[in-house]
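A short write-up of the structure that comes next.
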Amino acid sequence: QAPPRESGGGSVQAGGSLTLSCSASGYPTKWAYCHGWFHQRQGSEREEIADIDNAQNPTYANSVRGRFTITKDYVRDMVYLKMTDLKVEDTAMYFCAARRCRERTYIRWGQGTQVNVSA
């Protein structure tokens with residue numbers, strides 16, 4: 001199994017948009033695995049902000065609902081997080097994680113990609 005690998009982080013002004021990508025390849029039974037996005041602000045605990053199940057049903061944290069969209073491409077084995085109307089408080093390290101769809105605990109984690117939002 002290959003761990004998730006995030007990319008697409010960078011700097012953006014408040015109100016702007018950014019899309020993060022997560023490589024979700026390496027799972028022989030990829031349909032049995034689901035993925036989520038987490039962020040960790042400086043000095044804070046890691047928080048789940050989005051998840052997508054094997055029926056492609058998304059779940060969002062209240063802080064990002066309506067602004068962020070999680071999608072999964074089963075052909076390319078990619079998971080995306082489209083972020084719009086970015087706010088300064090969205091500044092954080094963003095992580096992609098995988099879990100068995102039948103379980104809630106995430107078992108594979110990427111190394112993270114930094115997102116900086118400036119006022």
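As the structure is a prediction and not an experimental result, all values here were calculated from the model.
- Residue Gln111 places its CD atom among 12 or fewer non-hydrogen atoms of other residues, nucleotides or ligands, all under 6.0 Å distant.
- At a threshold of 4.5 Å between non-hydrogen side-chain atoms, the residues Met83 and Val115 count as touching.
- Contacts classified as ring-ring contact (aromatic ring centres under 6.0 Å, His included) and involving residues 84-105 (residues at least two apart or in different chains) are given here: His39-Tyr94.
- Taking both residues in full, the closest heavy atoms of Pro3 and Arg108 are given as N-NH2, 3.0 Å, listed atom of the first, atom of the second, then distance.
- Counting heavy atoms from C-beta outward, Trp37 and His35 have side chains that stay 4.5 Å or more apart.
- Enclosure of atom CZ in Arg5 is not indicated, since only 12 or fewer non-hydrogen atoms of other residues, nucleotides or ligands lie within 6.0 angstrom.
- Minimum interatomic distance between Val117 and Thr91 (heavy atoms only, all atoms of both residues): N-OG1, 2.9 Å.
- Contact check for Tyr106 versus Asp51: side-chain heavy atoms found under the 4.5 Å cut-off.
- At least one side-chain heavy atom of Arg100 sits under 4.5 Å from a side-chain heavy atom of Tyr33.
- A salt bridge links Glu47 with Arg41; the closest basic N to acidic carboxylate O contact falls under 4.0 Å.
- No more than 12 heavy atoms of other residues, nucleotides or ligands lie within 6.0 Å of CZ in Arg102, so this atom counts as exposed by the packing criterion.
- Glu48 places none of its side-chain heavy atoms less than 4.5 Å from the side chain of Thr59.
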Which atom pairs, donor and acceptor, lie under 3.5 Å between side-chain atoms of residues 16-23 and protein residues at least two apart or in another chain?
from: Ser23; atom 1: OG; to: Ser25; atom 2: OG; distance (Å): 3.4

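- Panel note: side chain Thr113, backbone Gly9; a donor-acceptor pair is recorded below 3.5 Å.
- Considering only heavy atoms from C-beta on, Ile70 comes within 4.5 Å of Val79 through its side chain.
- Ion pair Arg67/Asp90 flagged as a salt bridge, since at least one NZ, NE, NH1 or NH2 atom sits closer than 4.0 Å to an Asp/Glu carboxylate oxygen.
- In this structure, the separation between CE on Met93 and CD on Gln114 is 4.5 Å, given to the nearest 0.5 Å.
- The number of heavy atoms from other shown groups lying within 6.0 Å of CD (Gln42) does not exceed 12.
- Grouping the Ile, Leu, Val, Met, Phe, Trp and Tyr side chains by contacts below 4.5 angstrom, directly or via other members, places Tyr80 apart from Phe38.
- Here the closest non-hydrogen pair linking Val75 and Asp73 is N-OD1, 2.9 Å.
- For the ring-ring contact (aromatic ring centres under 6.0 Å, His included) condition, no pair includes a residue of residues 48-75, sequence neighbours left out.
- Using a 4.5 Å heavy-atom threshold, the side chains of Arg99 and Asp53 count as touching.
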